[in-house]
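One structure is given below, encoded as structure tokens.
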Amino acid sequence: MKVIAHLSDLHIGPAPRSRRRARAAVDYLDSLAYDLDAVIVTGDVADNGEESEYTWVKENVLGSRHPVLACPGNHDRRDAFRRVLLDATPPSPEAPVNQVLRGDGFVVALCDSSVPGKDEGFLEDETLDWLEAELARTAEGTPVLVGFHHPPASLGIPFVDGIRQFGEDRLAALVRRHPSVAALLCGHAHTAAATTFAGRPLLVAPGVVSTSKLPWERSGDAGDYVYRDEMAPALAFHLLSDDGRLTTHYRSVPAA
């Protein structure tokens with residue numbers, strides 16, 4: 001059995017609150033008696049895209065005892081993300097940040113769905129070509145988890161649905177060509193959710209920094225759209241069993 005932890009929306013900023021909640025999540029994972037096969041972070045790692053925020057993430061999140069892989073979200077800046085977290089200089093500052101982890105019997109491919117300067121998401125042709133190539137070189141029967149920040153389907157939360165991933169028909173066609181894609185993973189919504197996309201599970205990680213209120217939880221006040229400290233940081237565990245079954249568990253983590 002393979003176990004992959006899934007964090008999203010850390011929104012690390014200068015204030016201690018986001019750092020405290022992210023640290024609580026990582027401390028929980030590091031305290032486990034089990035060695036996780038991977039920890040993935042699906043975007044909005046930083047809140048303002050500042051190098052100091054990524055430096056904290058590099059030391060406190062990527063410094064986990066488990067293998068960690070992250071992709072950018074709409075609050076991230078590709079150039080600073082790549083320079084600090086990956087120690088890399090891109091051919092272009094705005095080139096998408098796509099990464100793959102090839103584990104023992106599984107693959108995680110994280111795609112950059114961010115659009116510089118915008119809140120909504122879109123997978124560039126360069127990213128789709130990269131994903132197609134990674135899937136093509138994956139051995140038949142090896143499950144692949146494809147991740148990105150923005151969900152490519154509506155979740156019934158109007159604010160989130162207005163800034164989801166668009167141009168999704170291209171991704172859907174690619175997924176249908178590759179039966180090895182076991183599921184699609186994302187964040188952005190700040191709420192645990194599960195639906196389908198292109199006939200595969202679409203699994204949304206809860207937010208570490210906060211939890212979005214669902215439409216029927218809101219009071220009607222325009223500013224009443226998020227739980228901040230009323231709800232604990234949360235994360236997901238994706239389990240890939242030896243028979244190919246994918247199971248997801250969601251877990252709340254007491255904030256320090």
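Please read these numbers as outputs of a predicted model, since none were measured by experiment.
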Looking at residues at least two apart in the chain, or sitting in another chain, which of them share a side-chain contact (heavy atoms from CB on, under 4.5 Å) with [X]?
X    : answer
A189 : L155, V160, T191, V204
Y225 : R218
P14  : N48, E53
D229 : R17, R21

When clusters are formed from ILVMFWY side-chain contacts under 4.5 Å, directly or step by step, what else is grouped with V146?
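Besides V146, the hydrophobic cluster comprises V100, V107, L123, L128, W130, L131, L135, V144, F148, L171, L174, V175, V181, L184, F197, L202, listed by chain and residue number.
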Other members of the hydrophobic cluster containing Y227, with the 4.5 Å side-chain heavy-atom rule, please.
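Members other than Y227 - counting any ILVMFWY side chain reachable under 4.5 Å - are M231.
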Can you see which heavy atom on K58 is nearest to which on L62, and at what distance?
O-CB, 3.5 Å
Taking the basic N atoms (NZ, or NE/NH1/NH2) and the acidic carboxylate oxygens, is any pair closer than 4.0 Å for D76 and R82?
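Looking at R82 together with D76, the answer is no, because their closest N to O distance does not fall below 4.0 Å.
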Expected output: side-chain [X] to main-chain [Y] donor-acceptor under 3.5 Å:
X   : Y    : result
D30 : R65  : yes
K2  : D104 : yes
S64 : V61  : no

Under the ring pair (Phe, Tyr, Trp, His ring centres under 6.0 Å) definition, can you give me all pairs with a residue in residues 30-70, not counting sequence neighbours?
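Checked against ring pair (Phe, Tyr, Trp, His ring centres under 6.0 Å) - neighbours excluded - the pairs reaching residues 30-70 are Y54-F81.
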Residue pairs passing the side chain to side chain donor-acceptor pair (under 3.5 Å) test with at least one member in residues 141-167, sequence neighbours excluded, are D44-H149, N74-H149, S113-H150, H149-H188, R164-E168
Tell me, yes or no, whether the heavy-atom count around R245 atom CZ, taken from other residues, nucleotides or ligands under 6.0 Å, exceeds 12.
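Counting neighbours around CZ of R245, 12 or fewer heavy atoms of other residues, nucleotides or ligands fall under 6.0 Å, so no.
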List in chain and number order the residues that pass ring-ring contact (aromatic ring centres under 6.0 Å, His included) with H11, two or more places apart in sequence or in another chain; answer none if no residue qualifies.
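Partners of H11 under the ring-ring contact (aromatic ring centres under 6.0 Å, His included) test: H75, H190.
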Check whether the side chains of D112 and T127 place a donor and an acceptor atom closer than 3.5 Å, and report yes or no.
no
Residue list, salt bridge (Lys or Arg N to Asp or Glu O under 4.0 Å) with [X], at least two apart or on another chain:
X    : value
E51  : R83
D242 : none
R102 : E134

